[in-house]
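Letters A, B, ... mirror the listed sequences (proteins, then strands); counts begin at 1. Because only heavy atoms are used, hydrogens play no part in the values below, and waters and symmetry mates are left out as well, while side chains stay in.
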Number of protein chains: 2
Amino acid sequence: MHLRKDVHTDGTPALCASCEARHRGVCGALDSAQLVALSKVSRKHKADSGAELIGDSEPVETYSNVLSGVVKLSKMLSDGRQQIVGLQFAPDFLGRPFRPESAISAEAATDVTLCTFPKAAVERMMRESPGLERRLLEQTLKELDEARDWMVTLGRKTAAEKVASLLLLIARNIDPTLASQTGSVTFDLPLTRSDIADFLGLTIETVSRQLTKLRTEGVISIENNRRVIVNDQRRLETRCGN
Amino acid sequence: MHLRKDVHTDGTPALCASCEARHRGVCGALDSAQLVALSKVSRKHKADSGAELIGDSEPVETYSNVLSGVVKLSKMLSDGRQQIVGLQFAPDFLGRPFRPESAISAEAATDVTLCTFPKAAVERMMRESPGLERRLLEQTLKELDEARDWMVTLGRKTAAEKVASLLLLIARNIDPTLASQTGSVTFDLPLTRSDIADFLGLTIETVSRQLTKLRTEGVISIENNRRVIVNDQRRLETRCGN
DNA sequence: CGGCCGGTTGAATCTCTTCAACGTCCGTGG
DNA sequence: CCACGGACGTTGAAGAGATTCAACCGGCCG
């Protein structure tokens with residue numbers, strides 16, 4: 001492993017010292033002085049799995065960075081049908097700039113750690129620091145790319161391909177250090193079968209059947225219904241239809 | 001109708017004088033001097049229906065504004081299955097900042113008029129003018145909202161609801177002056193049955209059947225396979241599942 | 001212990017797809 | 001001028017894939 005000087009270390013607030021959002025997240029656009037200012041009004045806190053972070057069409061007074069865990073973004077039709085429209089992993093930015101209220105709801109899929117800022121503070125900083133706006137634009141473009149990728153999955157893939165695609169998506173995001181490995185990966189599913197169904201546009205029964213199919217075919221192993229071992233990522237990739 | 005002074009009229013380049021993108025599009029963020037500078041390197045031109053505007057994973061040297069017509073954005077799986085992931089109407093901005101190549105392909109769904117700029121010119125202007133970056137962020141957020149809305153349609157709606165949703169989407173975008181009217185709307189479908197199928201994640205046969213169903217039920221009328229008359233927008237809305 | 005939640009599995013059902021035939025429009029060329 | 005072919009669209013019948021409904025299992029908590 002190659003060691004190098006961390007250019008961000010000097011004068012960094014304690015709160016931010018070990019924060020991933022300062023490197024790969026939006027806070028990476030801020031200098032020490034700005035970090036100090038923002039850290040004064042920010043709050044690091046935990047939320048349990050299932051906690052509602054942003055309610056549908058409810059005024060939002062804060063933005064957050066996801067520091068650990070997984071947040072699911074979802075939309076619902078009036079009759080209760082639900083669709084998860086995105087998953088957020090550390091160090092994603094959570095919130096919808098320029099809108100008083102969100103059109104989607106955000107819920108903790110697992111226990112999560114968040115760093116939460118008042119909306120006004122972030123927006124003031126956006127005006128002062130074009131770099132922050134740039135980062136936000138980049139994150140938004142990334143999310144747009146992901147959303148469009150997922151539209152292909154939803155519209156054109158079979159149930160088997162959908163499930164394989166989701167496993168690969170999670171494997172690649174849950175622990176980014178293992179990203180695009182070729183070998184085996186192990187992780188705890190951050191989603192229930194019901195969540196998975198809502199993300200894939202399927203029913204829980206179909207999800208269950210496809211998972212057991214992948215298991216009996218030796219592509220994955222499952223322990224305790226939640227822990228998944230992808231025996232060979234490449235083999236999983238071939239089942240994604242891409 | 002209320003008349004008011006157009007604050008943008010002074011010193012505007014001839015090319016931009018009547019351009020919708022100067023009001024509702026990204027160019028609205030630019031002052032006269034910037035418009036003049038940009039107009040010197042921009043080119044207004046037409047493309048026929050079916051023309052490929054941005055190829056999949058092909059380097060992109062330009063950005064464009066859509067001035068008239070409809071552009072479809074699509075992605076394809078390796079075996080040829082296709083999904084349209086977005087439609088762009090005037091005055092949408094076309095292009096993917098910060099990426100040397102696009103992950104999607106853009107094709108003229110109808111005859112279109114574009115105003116095209118060199119990538120470098122826009123990016124320089126983005127650095128000089130935070131307002132432009134802001135506009136771009138807003139457009140990107142709008143596209144993200146639309147993409148997520150469509151994910152619900154793809155994942156959770158029935159074929160009938162999908163077709164109704166698409167008709168409403170087009171009715172609301174094709175002529176924005178008629179937006180959210182309650183009465184009847186008439187327009188030419190900018191998409192073939194095949195395009196519609198690729199946007200909705202269906203087959204052309206299913207699309208055709210659902211359209212005839214809407215027709216026989218009196219919700220819409222169809223002339224020449226392309227011209228659609230929505231007899232009552234509210235009745236169409238009730239069939240969208242939202 | 002009993003009930004509930006999350007998950008799995010089986011059988012019947014249904015929606016959408018697939019395959020095939022047919023109709024219309026339109027430009028081309030004999 | 002009309003015949004031909006292709007692009008686009010509609011319709012019908014058969015088939016597949018996912019859903020629905022139901023039963024069942026194991027773990028957890030009051």
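- With hydrogens and angles ignored, the 3.5 Å screen pairs a side-chain donor or acceptor of B/Asp79 with a backbone N or O of B/Arg81.
- Heavy-atom distances under 4.0 Å link DNA chain D to A/Gly201, A/Leu202 of residues 191-202 of chain A, given in residue order.
- Between the side chain of A/Thr140 and the backbone N or O of A/Leu136, at least one donor-acceptor pair lies under 3.5 Å.
- If you measure from atom CG of B/Asn224 to atom C1' of C/dG23, you get 15 Å, rounded to the nearest angstrom.
- A straight line from CD of A/Gln210 to C1' of C/dT8 spans 13 Å, rounded to a whole angstrom.
- In this structure, B/Lys162 atom NZ and C/dC16 atom C1' are separated by 9 Å, rounded to whole Å.
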Exercise. Give the intermediate values and the outcome of salt bridge (charged side-chain N to carboxylate O under 4.0 Å, His left out) for residues A/Glu61 and A/Lys119.
Key: CA-CA 5 Å; A/Glu61 294 308 328; A/Lys119 241 183 155 192; over 6 Å; no

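- Checked by atom type and distance alone, the side chain of B/Thr216 pairs as donor or acceptor with a backbone atom of B/Thr212 at under 3.5 Å.
- Across the interface with DNA chain D, nearest-nucleotide mapping of A/Glu205 and B/Val207 shows B/Val207 to be the residue nearer the 5′ end.
- The shortest distance between side-chain heavy atoms of B/Trp150 and B/Val85 does not fall below 4.5 Å.
- Within the structure, the ring-ring contact (aromatic ring centres under 6.0 Å, His included) test picks out the following pairs touching residues 43-93 of chain B (sequence neighbours left out): B/Tyr63-B/Phe93.
- Within the 4.0 Å cut-off from OP1 or OP2 of C/dT15, not a single side-chain nitrogen or oxygen of B/Thr206 is found.
- Residues B/Gln233 and B/Glu237 bring no donor and acceptor atom of their side chains to less than 3.5 Å of each other.
- Across residues 147-159 of chain A, A/Thr158, A/Ala159 each have a non-hydrogen atom less than 4.0 Å from an atom of DNA chain D (numbered order).
- Among residues two or more places apart in sequence or in another chain, the salt bridge (Lys or Arg N to Asp or Glu O under 4.0 Å) test is passed with B/Arg226 by none.
- Residues in residues 199-219 of chain A take part in these salt bridge (Lys or Arg N to Asp or Glu O under 4.0 Å) pairs, two or more places apart or across chains: A/Glu217-A/Arg239.
- Chain B approaches DNA chain D within less than 4.0 angstrom (heavy atoms of the protein), and the contacting nucleotides run 5' to 3' from D/dG9 to D/dA13.
- Not one side-chain nitrogen or oxygen of B/Arg209 sits closer than 4.0 Å to the OP1 or OP2 atom of C/dT17.
- Looking only at atom types and distance, the side chain of B/Thr116 has a donor-acceptor partner in the side chain of B/Ser64 under 3.5 Å away.
- As rounded to whole Å, 8 Å separates atom C1' of C/dT8 from atom CG of A/Asn225.
- Remark: the B/Lys157 side chain and the B/Ser165 side chain contain an N/O donor-acceptor pair separated by less than 3.5 Å.
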